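What you are looking at is a predicted structure, and each value in this text was computed from that prediction instead of being measured. Only heavy atoms go into these numbers, but all of them, side chains included; no hydrogens, no water, no symmetry mates.
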Amino acid sequence: MNYTRADLTQTDATMNQMRNAVYELARFMEKNGIADLKNKLRKMGRNIARTYVRYWKPTNQVIDSNLKDVITTIYQKILNSSVSIEVVDNENLVKVQDYKCALCKYQYDDIEIAGCEIILGMVSEIINLINGEVKNTSSVFIEPLEVAESRAYGNKVCIQVYKYKIGEGS
């Protein structure tokens with residue numbers, strides 16, 4: 001069967017091969033002295049988002065009142081993840097606790113990077129692309145901050161942290 005990209009957004013797919021590929025890529029890049037792997041993985045996530053958002057968007061605008069719901073929907077729809085989200089208003093942070101991160105199922109002793117760096121880039125780019133079309137002063141824009149914890153590092157869950165701001169432009 002031939003599937004279009006739009007068709008593929010409606011299917012359930014296993015993440016095993018993606019996860020394996022990410023860590024093999026990380027090993028290859030480390031072995032060959034490629035610098036700044038974290039930003040390269042985030043860029044990969046942003047590129048995925050630019051394609052994905054052409055075929056599926058969780059909403060037409062992201063504002064503070066629907067931010068948690070939009071992020072939860074992105075994680076559920078694209079990654080089949082179960083998450084809890086905390087918004088820390090006094091620090092402008094969004095902390096996503098991912099209980100079954102698709103890209104960090106196992107701890108790898110030979111890798112010093114978490115696969116969910118890709119997720120940080122992808123989620124922030126989806127939200128920013130949606131709101132980039134709207135140009136509303138109440139739109140929320142987010143940027144990846146850090147992977148605070150990861151199953152790839154031996155933690156029980158992955159915690160991805162984003163910095164957010166409200167207003168036009170990211």
Side-chain angles (χ1 to χ4, degrees), residues 5-13 15 18-19 22 36-105 113-153 155-170:
R5 288 182 179 181
D7 293 334
L8 292 173
T9 63
Q10 302 304 314
T11 63
D12 290 331
M15 293 298 285
M18 175 70 168
R19 181 179 51 250
V22 167
D36 206 11
L37 184 55
K38 176 174 70 173
N39 283 324
K40 291 198 182 333
L41 291 179
R42 288 181 185 183
K43 183 177 181 183
M44 185 185 301
R46 288 192 306 273
N47 290 338
I48 292 167
R50 287 185 196 115
T51 300
Y52 211 97
V53 81
R54 289 185 212 153
Y55 305 100
W56 176 83
K57 294 177 192 172
T59 187
N60 291 322
Q61 183 178 13
V62 184
I63 56 177
D64 61 343
S65 64
N66 73 351
L67 179 62
K68 284 175 137 181
D69 289 338
V70 170
I71 292 173
T72 299
T73 300
I74 292 169
Y75 275 80
Q76 287 174 342
K77 171 74 175 164
I78 298 174
L79 302 164
N80 197 28
S81 271
S82 174
V83 297
S84 64
I85 299 170
E86 175 188 5
V87 176
V88 184
D89 287 324
N90 62 336
E91 298 179 53
N92 286 16
L93 298 178
V94 177
K95 295 181 179 182
V96 178
Q97 191 166 2
D98 191 342
Y99 299 97
K100 53 183 218 176
C101 179
L103 297 179
C104 298
K105 188 172 183 177
I113 192 79
C116 54
E117 292 288 353
I118 294 172
I119 296 170
L120 275 170
M122 182 189 69
V123 172
S124 58
E125 188 72 6
I126 288 172
I127 289 172
N128 295 342
L129 286 169
I130 290 168
N131 282 340
E133 296 174 359
V134 178
K135 304 292 185 205
N136 184 328
T137 57
S138 62
S139 295
V140 175
F141 293 88
I142 66 173
E143 64 183 63
L145 191 60
E146 67 175 337
V147 173
E149 293 183 18
S150 174
R151 291 166 63 189
Y153 299 151
N155 302 109
K156 292 184 183 199
V157 297
C158 291
I159 299 176
Q160 297 116 20
V161 184
Y162 302 88
K163 188 90 170 160
Y164 74 88
K165 73 177 190 171
I166 299 174
E168 290 188 46
S170 57

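Side-chain contact, Y75 with S82: no donor N or O sits under 3.5 Å from an acceptor N or O. Under the 3.5 Å distance criterion, with hydrogens and angles disregarded, a donor-acceptor pair is assigned to the side chains of D89 and Y164. Residues N66 and D69 bring no donor and acceptor atom of their side chains to less than 3.5 Å of each other. In the model, S81 has a side-chain atom that pairs as donor or acceptor with a side-chain atom of D98 under 3.5 Å.
Atom CE of M44 is separated from atom CG of L37 by 8.5 Å, given to the nearest 0.5 angstrom. Atom SG in C101 sits 7.0 Å away from atom CZ in R151 (nearest 0.5 Å). With rounding to the nearest 0.5 Å, the separation of CG in L120 from CZ in R46 is 10.5 Å. A distance of 8.0 Å separates OG in S84 from CD1 in I159, rounded to the nearest 0.5 Å. Distance check: S139 OG to I63 CD1 gives 8.0 Å after rounding to the nearest 0.5 Å. Rounding to the nearest 0.5 Å places CD1 of I166 at 8.5 Å from CG of L67.
For the pair V94/E86, no side-chain contact is recorded, criterion being any heavy-atom separation below 4.5 Å from C-beta on. By the 4.5 Å heavy-atom criterion applied to side chains, I113 and K38 are counted as neighbours. No side-chain heavy atom of N60 sits under 4.5 Å from any side-chain heavy atom of I130.
The two atoms that bring G115 and L103 nearest to each other are O-CD1, 3.4 Å, heavy atoms only. What you find for K68 and I85 is that their closest heavy atoms are CE-O, 3.0 Å. Considering all non-hydrogen atoms of both residues, Y162 and I119 come closest at OH-O, 3.6 Å. Shown here for A114 and L41, the closest heavy-atom pair between the two residues is O-CD1, 4.0 Å. When all heavy atoms of C116 and C104 are compared, the closest pair comes out as N-SG, 3.4 Å. When all heavy atoms of I126 and P58 are compared, the pair lying nearest together is CG2-CD, 4.4 Å.
When the options N131, N128, I71, I142 are evaluated for a side-chain contact (heavy atoms from CB on, under 4.5 Å) with V62, the one that passes is N131.
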> Would K163 and L93 satisfy side chain to side chain contact (heavy atoms under 4.5 Å, CB included), going step by step from the backbone distance to the final call?
Replying inline: CA-CA 5 Å; K163 188 90 170 160; L93 298 178; 3.8 Å; yes

>> Apply salt bridge (Lys or Arg N to Asp or Glu O under 4.0 Å) to residues E117 and R42 and explain how you reach the verdict.
In response: CA-CA 5 Å; E117 292 288 353; R42 288 181 185 183; 2.7 Å; yes

> Could you walk me through whether I74 and I127 pass the side chain to side chain contact (heavy atoms under 4.5 Å, CB included) check?
Replying inline: CA-CA 9 Å; I74 292 169; I127 289 172; 4.1 Å; yes

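For D36, the CG atom counts as densely surrounded, since its 6.0 Å shell holds more than 12 non-hydrogen atoms of other residues, nucleotides or ligands.
A donor-acceptor pair under 3.5 Å is absent between the side-chain atoms of K100 and the main chain of V83, judged by distance alone.
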